[in-house]
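Structure first, commentary second.
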Amino acid sequence: MEADLTKTNEGLSSRNEVIEKQLVELKASYKEEKEYLEARHTKEMKEYRTDVEAKMKQLEQDLSATMAKNEMLKDDMAKAQEKHTAQISDLSSKYAAYQDKAETERKELQRLNDERQKELQVTILAFVIYG
């Protein structure tokens, strides 16, 4: 029985050595895998951060360009509005001058018509009287 126990003890001892060796290998493997994953994570986070920073910079540039274009369009619109206001003012002045001229011509024509009427009346009267 002692021989059986010694044999069993040797088997267990041998098995224990194998398990301890596997444990050392697993710890080493775990450490390597952990270092690999941490390095990969760090690298991917740097790449992600670089990508996000580049996108943010591009968006800031796009925003600046859009704001500059907006200001330019506002200036163009103000110039166009000034131009149209000047054109409307000019056309209004010309229309007022045209109306004044037309009214003056109408009055002159009315005056000439009245003179002609008087001359005709005088002629008719003279014809009636002197025969």
Side-chain angles (χ1 to χ4, degrees):
M1 173 139 180
E2 196 176 306
D4 286 340
L5 286 176
T6 302
K7 194 175 182 183
T8 301
N9 195 20
E10 286 175 359
L12 289 174
S13 179
S14 172
R15 216 167 152 201
N16 193 27
E17 286 175 12
V18 169
I19 290 173
E20 283 178 3
K21 187 178 179 183
Q22 286 177 344
L23 179 62
V24 169
E25 289 173 359
L26 282 174
K27 282 182 179 180
S29 173
Y30 168 76
K31 186 178 177 183
E32 287 175 15
E33 187 69 23
K34 182 180 175 188
E35 288 173 357
Y36 167 76
L37 290 174
E38 285 174 348
R40 182 175 158 197
H41 174 72
T42 301
K43 179 185 173 196
E44 287 177 0
M45 288 306 295
K46 283 181 184 177
E47 289 172 355
Y48 177 73
R49 182 178 182 149
T50 301
D51 186 47
V52 167
E53 287 173 349
K55 286 180 181 178
M56 284 176 55
K57 187 174 183 178
Q58 183 62 47
L59 287 172
E60 288 171 352
Q61 290 173 350
D62 291 349
L63 178 62
S64 292
T66 300
M67 290 175 73
K69 187 173 185 179
N70 185 42
E71 288 301 316
M72 191 172 73
L73 290 172
K74 281 182 181 178
D75 290 343
D76 290 349
M77 187 168 63
K79 288 176 186 175
Q81 197 169 17
E82 275 182 37
K83 179 181 174 184
H84 288 128
T85 300
Q87 287 175 336
I88 288 170
S89 177
D90 184 49
L91 288 173
S92 294
S93 297
K94 286 180 181 178
Y95 179 70
Y98 172 76
Q99 280 185 321
D100 289 345
K101 183 180 176 184
E103 182 63 21
T104 302
E105 287 177 359
R106 185 192 67 75
K107 286 179 181 176
E108 180 63 20
L109 288 173
Q110 184 67 40
R111 185 189 64 75
L112 291 173
N113 189 33
D114 290 346
E115 282 180 14
R116 174 120 15 207
Q117 284 285 9
K118 285 180 184 177
E119 287 175 7
L120 282 173
Q121 285 176 355
V122 167
T123 304
I124 291 173
L125 188 61
F127 184 71
V128 169
I129 294 177
Y130 298 114

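If you chain together hydrophobic residues whose side chains sit under 4.5 Å apart, Tyr130 and Leu125 fall into the same group.
Between atom NZ of residue Lys21 and atom CD1 of residue Ile19 there is a gap of 13.5 Å, rounded to the nearest 0.5 Å. Residue Gln117 holds its CD atom at 8.5 Å from CD1 of Ile124, rounded to the nearest 0.5 Å. Atom CG of Asp114 sits about 11.0 Å away from atom CG of Leu109, to the nearest 0.5 Å. Distance check, rounded to the nearest 0.5 Å: CD of Glu33 to CD of Glu35 gives 10.5 Å. For the atom pair CG of Asp90 and OH of Tyr95, the computed distance is 15.5 Å after rounding to the nearest 0.5 Å. With rounding to the nearest 0.5 angstrom, the CD1 atom of Ile88 is 12.0 Å from the OG atom of Ser93.
Ion pairing between Lys74 and Glu71 holds under the 4.0 Å rule for side-chain N and carboxylate O. Ion pairing between Lys57 and Glu60 fails under the 4.0 Å rule for side-chain N and carboxylate O. Ionic pairing of Lys55 and Asp51 is present here: one or more N-O contacts between side-chain nitrogen and carboxylate oxygen are shorter than 4.0 angstrom. A salt bridge does not link Lys79 to Glu82: none of the charged nitrogens lies less than 4.0 Å from a carboxylate oxygen. A salt bridge links Glu53 to Arg49: at least one charged side-chain nitrogen sits closer than 4.0 Å to a carboxylate oxygen.
Judged by distance alone, the side chains of Gln58 and Asp62 do bring a donor and an acceptor atom under 3.5 Å apart. No donor-acceptor contact under 3.5 angstrom links the side chains of Tyr48 and Glu44, judged on distance only.
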Inset, instruction - Go through the steps for Glu103 and Arg106 under the test salt bridge (charged side-chain N to carboxylate O under 4.0 Å, His left out), then give the verdict. - result: CA-CA 5 Å; Glu103 182 63 21; Arg106 185 192 67 75; 2.6 Å; yes
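Partners of Asp100 under the side chain to side chain donor-acceptor pair (under 3.5 Å) rule, at least two apart in sequence or in another chain, do not exist in this structure.
At least one side-chain heavy atom of Lys101 sits under 4.5 Å from a side-chain heavy atom of Glu105.
Between the side chain of His84 and the main chain of Ala80, a donor-acceptor pair closer than 3.5 Å is present. Checked by atom type and distance alone, the side chain of Ser89 never pairs as donor or acceptor with a backbone atom of Thr85 at under 3.5 Å.
Heavy-atom contacts from other residues, nucleotides or ligands closer than 6.0 Å to CZ of Arg111 number more than 12.
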